[in-house]
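Values reported hereafter were calculated over all heavy atoms of this structure, with side chains retained and with hydrogens, waters and symmetry mates removed. Along the sequence shown, residues carry numbers from 1.
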Amino acid sequence: MQWTLVIPLKPLARAKSRLADTADDGVRPGLALAFAQDTVAAALACPSVKDVAVVTDDLLAGRELGALGARIVTDEPRGGLNPALAHAVAAVRETRPDSAVAALNADLPALRPLELARVLDAAAEFPRAFLPDAAAIGTTLLAAAEGQQLHPAFGTDSRARHRAGGAVELTLTAVDSVRQDVDTGADLRAALALGVGPRTAAAAARLLIPGS
């Protein structure tokens with residue numbers, strides 16, 4: 001099964017506020033963009049991925065991620081993360097009504113294409129499936145097979161909310177790069193230990209973070 005990934009990205013000026021303990025206001029937008037660039041580049045290199053749609057209203061992010069090969073979908077609802085994802089999936093399915101789609105976080109800078117392929121191949125066995133994040137509280141990937149609705153429920157306790165909504169929780173091992181999102185300084189250090197993409201590595205080196 002070939003997937004279309006939908007990756008949401010809020011305006012960079014408002015992104016990653018929980019990284020304030022590690023990066024100040026002037027640095028966080030660049031970090032958020034680096035995370036997204038490395039995430040999109042790895043996703044596009046995944047053999048199970050047909051294409052990537054990024055839903056964002058940020059002009060810089062749209063330009064940079066579009067240059068990598070992503071399709072840019074504007075956040076027309078402007079009602080938060082879940083409406084943005086639903087809108088992007090609808091835009092994707094205007095031309096491919098039955099395409100398999102998966103929502104993927106934009107802050108997975110250590111993402112490995114082959115690990116992502118393992119997750120997507122496992123998700124293909126179910127109508128809807130999700131992968132919990134490294135903290136086992138949130139969700140980094142939510143998948144809907146061909147002809148199925150995504151029904152995103154990202155936000156606080158999204159792992160429990162997706163499970164309660166009928167999505168199957170994937171319990172794969174050795175897919176740490178798909179689970180390690182970055183919200184805090186501790187998360188960033190964990191991602192660096194896994195090995196991040198080149199843009200995040202360069203940004204972290206400028207912050208003099210150990211291991212970068």
Side-chain angles (χ1 to χ4, degrees), residues 3-20 25 28-37 39-40 43 49 51-66 68 70-109 111 123 127-133 135 137-169 178-179 181-184 187:
W3 295 82
T4 292
L5 299 189
V6 177
I7 299 179
L9 181 63
K10 67 174 61 175
L12 298 176
R14 296 193 284 107
K16 297 298 156 197
S17 59
R18 290 172 61 192
L19 273 171
D25 292 350
R28 288 197 302 275
L31 268 178
L33 178 57
F35 296 164
Q37 288 172 306
T39 300
V40 167
V49 173
D51 54 7
V52 171
V54 175
V55 54
T56 187
D57 280 339
D58 192 284
L59 295 179
L60 173 60
R63 183 171 67 249
E64 294 296 326
L65 299 174
L68 293 176
R71 171 185 176 184
I72 306 302
V73 179
T74 58
D75 179 12
E76 293 179 11
R78 295 181 177 84
L81 176 56
N82 294 310
L85 284 170
H87 165 69
V89 170
V92 165
R93 286 181 164 169
E94 283 181 0
T95 54
R96 295 194 300 278
D98 294 325
S99 62
V101 296
L104 182 72
N105 287 12
D107 57 353
L108 298 168
L111 186 64
R128 293 173 63 242
F130 74 95
L131 187 73
D133 64 8
I137 297 171
T139 302
T140 57
L141 180 142
L142 173 67
E146 297 175 355
Q148 301 293 321
Q149 295 301 310
L150 190 64
H151 298 305
F154 287 89
T156 304
D157 297 326
S158 66
R159 178 190 184 190
R161 294 167 68 190
H162 284 134
R163 188 164 48 193
V168 174
E169 180 172 340
V178 196
R179 299 186 64 198
D181 54 353
V182 176
D183 288 317
T184 67
D187 294 336

Considering all heavy atoms, the nearest [X]-[Y] contact:
{"X": "Arg93", "Y": "Gln148", "answer": "NH1-O, 2.6 Å"}
{"X": "Pro132", "Y": "Thr140", "answer": "O-OG1, 4.1 Å"}
{"X": "Pro77", "Y": "Pro83", "answer": "CG-O, 3.7 Å"}
{"X": "Val182", "Y": "Asp187", "answer": "CA-CB, 3.6 Å"}
{"X": "Thr39", "Y": "Ala106", "answer": "OG1-O, 3.3 Å"}
{"X": "Phe154", "Y": "Arg161", "answer": "O-NH1, 3.4 Å"}

May I ask you to test the [X]-[Y] pair for a side-chain heavy-atom distance under 4.5 Å?
{"X": "Leu131", "Y": "Thr139", "value": "no"}
{"X": "His162", "Y": "Leu142", "value": "yes"}
{"X": "Gln37", "Y": "Leu68", "value": "yes"}

What distance do [X] atom [atom1] and [Y] atom [atom2] have between them, rounded to the nearest 0.5 Å?
{"X": "His151", "Y": "Leu85", "atom1": "NE2", "atom2": "CG", "result": "13.5 Å"}
{"X": "Phe130", "Y": "Glu169", "atom1": "CZ", "atom2": "CD", "result": "4.0 Å"}
{"X": "Leu59", "Y": "Glu64", "atom1": "CG", "atom2": "CD", "result": "11.5 Å"}
{"X": "Leu9", "Y": "Leu65", "atom1": "CG", "atom2": "CG", "result": "6.5 Å"}
{"X": "Arg18", "Y": "Thr184", "atom1": "CZ", "atom2": "OG1", "result": "6.0 Å"}
{"X": "Arg78", "Y": "Asp57", "atom1": "CZ", "atom2": "CG", "result": "4.0 Å"}

Count the heavy atoms belonging to other residues, nucleotides or ligands that lie under 6.0 Å from CG of Leu60, then report whether that count exceeds 12.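 Result for CG/Leu60: enclosed.
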Crowded around Lys16 NZ? As in, over 12 foreign heavy atoms under 6.0 Å?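 Atom NZ in Lys16 is crowded, with more than 12 foreign heavy atoms closer than 6.0 Å.
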Step by step, work out the side-chain hydrogen bond (donor to acceptor under 3.5 Å, both in side chains) result for Arg96 and Thr4. CA-CA 10 Å; Arg96 295 194 300 278; Thr4 292; 2.8 Å; yes
Working for side-chain contact (heavy atoms from CB on, under 4.5 Å), residues Arg71 and Val54: CA-CA 6 Å; Arg71 171 185 176 184; Val54 175; over 6 Å; no
Set of residues satisfying ring pair (Phe, Tyr, Trp, His ring centres under 6.0 Å) with respect to Phe35, sequence neighbours excluded: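 Applying ring pair (Phe, Tyr, Trp, His ring centres under 6.0 Å) to Phe35 gives none.
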Assess the residue pair Ile137 and Arg159 against the criterion (side-chain contact (heavy atoms from CB on, under 4.5 Å)); give the C-alpha distance rounded to whole Å, side-chain angles, the decisive distance to 0.1 Å, and a yes or no. CA-CA 5 Å; Ile137 297 171; Arg159 178 190 184 190; 5.7 Å; no
When you look at Asn105 and Leu141, which way does the side-chain contact (heavy atoms from CB on, under 4.5 Å) test go after all the steps? CA-CA 7 Å; Asn105 287 12; Leu141 180 142; over 6 Å; no
Arg14 backbone acceptor or donor facing Ser17 side chain under 3.5 Å: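 Here the side-chain-to-backbone pair does not exist.
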Tell me every residue that passes side-chain contact (heavy atoms from CB on, under 4.5 Å) with Ala84, counting only those two or more places apart in sequence or in another chain.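 Residues passing side-chain contact (heavy atoms from CB on, under 4.5 Å) with Ala84: Val55, Asp75.
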Under the side-chain contact (heavy atoms from CB on, under 4.5 Å) criterion, do Val6 and Leu104 qualify, and how do the steps go? CA-CA 6 Å; Val6 177; Leu104 182 72; over 6 Å; no
Could you give me the CA-CA distance, side-chain angles and deciding distance for Asp133 and Arg179, then say whether salt bridge (charged side-chain N to carboxylate O under 4.0 Å, His left out) is met? CA-CA 4 Å; Asp133 64 8; Arg179 299 186 64 198; 5.6 Å; no
